[in-house]
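In what follows, a single structure is set out as structure tokens and then discussed.
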Amino acid sequence: MRLYILFGFLLLAVICSCGVDASQVKFGPLCSGNPSNHIRECDKKGCGAYGAPRNNGKGKHEGLDIVCADGATVFAPFDVKLNGKAVPYRVNNAINDGVNLSGGGLCFKLFYVKPIKYSGTLKKGQKIGTLLPMQKVYPGITSHVHVQMCDRSDPTKYF
């Protein structure tokens, strides 16, 4: 009986040691035309950094904005599983679409993207979808993909 218990603990230790360490994950290029994942700087609509002020200082930006042109291709930053639709707004508009993803030990959402599908898997570099027309909703903003961690923590360390 003790041998079975010992074997069980050893098996559990091996399984746990095979898990992915999310701290080692880095996002590959998200958008065609921006291979270095340049973060949106401040423009007349705000700033793209995590924690930037929103709503006249009453809130904070809960994601990271990666520069991407309207209609550009959005890529899988690493091997990912698509876990359904994600929408940024309660009211529908031209950019109210996105996708929930997981991979590399992370759970995150990409907003303002029209994915080619909402479920399944993709390999790093495969097309997730296209950036929706941000200029129709926010003329003059720097168009971007919004990356938001499921737990709303800072995604900056993965870039």
Stepwise, does the side chain to side chain donor-acceptor pair (under 3.5 Å) test hold for Asp97 with Tyr118? CA-CA 11 Å; Asp97 205 353; Tyr118 294 100; 2.8 Å; yes

Would His61 and Arg54 count as a side-chain contact (heavy atoms from CB on, under 4.5 Å) here? Give the steps. CA-CA 6 Å; His61 190 221; Arg54 291 291 188 268; 3.2 Å; yes

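Rounding to the nearest 0.5 angstrom, the gap separating the CG atom in Asp154 from the OG1 atom in Thr156 is 3.5 Å. To the nearest 0.5 Å, atoms CD (Gln148) and NZ (Lys109) are separated by 6.0 Å. Note: Leu106 CG to Ser153 OG = 8.5 Å, rounded to the nearest 0.5 Å. The distance from atom CG of Leu30 to atom SG of Cys68, rounded to the nearest 0.5 Å, is 8.0 Å. In this structure, CE on Met149 lies 7.5 Å from SG on Cys107, to the nearest 0.5 angstrom.
A continuous path of ILVMFWY side-chain contacts below 4.5 Å connects Leu131 to Leu82, so both sit in one hydrophobic cluster. Side-chain heavy atoms closer than 4.5 Å link hydrophobic residues (I, L, V, M, F, W, Y) into clusters, and following such links, possibly through other members, connects Val147 to Ile39. Put simply, Tyr89 and Leu110 are part of the same group of oily side chains (I, L, V, M, F, W, Y) that touch within less than 4.5 Å, one to the next. Residue Val67 is not grouped with residue Leu132 when hydrophobic side chains (ILVMFWY) are merged at heavy-atom distances under 4.5 angstrom, including chains of intermediate members. Cluster annotation: Ile141 is not connected to Tyr50 through the hydrophobic network of ILVMFWY side chains, with a link wherever side-chain heavy atoms come within less than 4.5 Å.
Residues Cys31 and Ala72 share a closest heavy-atom pair of SG-CB, 3.7 Å. When all heavy atoms of Gly125 and Phe75 are compared, the closest pair comes out as O-CD2, 3.2 Å. In plain terms, the two heavy atoms of Ser102 and Asn83 that are nearest each other are OG-ND2, 2.9 Å. Taking all atoms of both residues into account, the shortest heavy-atom contact from Gly104 to Val25 is O-CG2, 2.9 Å.
Residues Pro77 and Phe108 form a side-chain contact, since some pair of their non-hydrogen atoms from C-beta on lies under 4.5 Å apart. Under the 4.5 Å side-chain criterion, counting only non-hydrogen atoms from C-beta, Tyr112 is not in contact with Asn96. The shortest distance between side-chain heavy atoms of Tyr158 and Leu64 does not fall below 4.5 Å. Contact check for Val145 versus Asp65: no side-chain heavy atoms found under the 4.5 Å cut-off. Contact of the Glu62 side chain with the Arg152 side chain is registered, since non-hydrogen atoms from C-beta on lie closer than 4.5 Å.
Taking the six-membered ring where the residue is Trp, Phe159 and Phe27 present parallel rings, their angle staying beneath 30° rather than reaching 60°.
The backbone N or O of Thr142 sits less than 3.5 Å from a side-chain atom of His144, completing a donor-acceptor pair. With Asn37 contributing its side chain and Gly28 its backbone, the two residues share a donor-acceptor pair below 3.5 Å. Of the possible polar contacts, none joining the Asn55 side chain to the Gly57 backbone as a donor-acceptor pair under 3.5 Å is found. The backbone N or O of Thr73 lies less than 3.5 Å from a partner atom in the side chain of Ser32, making a donor-acceptor pair.
Note on Arg40 versus Asp43: salt bridge recorded, some NZ/NE/NH1/NH2 to OD/OE distance being below 4.0 Å.
For residues 115-146, no residue pair satisfies the disulfide (SG to SG under 2.5 Å) rule, not counting sequence neighbours.
A side-chain contact (heavy atoms from CB on, under 4.5 Å) with Leu122 holds for exactly one of Asp79, Leu101, Ile128; it is Ile128.
For Lys117, the NZ atom counts as densely surrounded, since its 6.0 Å shell holds more than 12 non-hydrogen atoms of other residues, nucleotides or ligands. Within 6.0 Å of atom CD in Glu41, 12 or fewer heavy atoms from other residues, nucleotides or ligands are found, so the atom counts as exposed in its surroundings. A 6.0 Å sphere centred on NZ of Lys45 holds more than 12 heavy atoms belonging to other residues, nucleotides or ligands.
Looking at residues two or more places apart in sequence or on another chain, you find a ring pair (Phe, Tyr, Trp, His ring centres under 6.0 Å) between Phe111 and His146.
At a cut-off of 3.5 Å, with distance as the only test, a side-chain donor of Ser143 or Gln135 sits close to an acceptor on the other residue.
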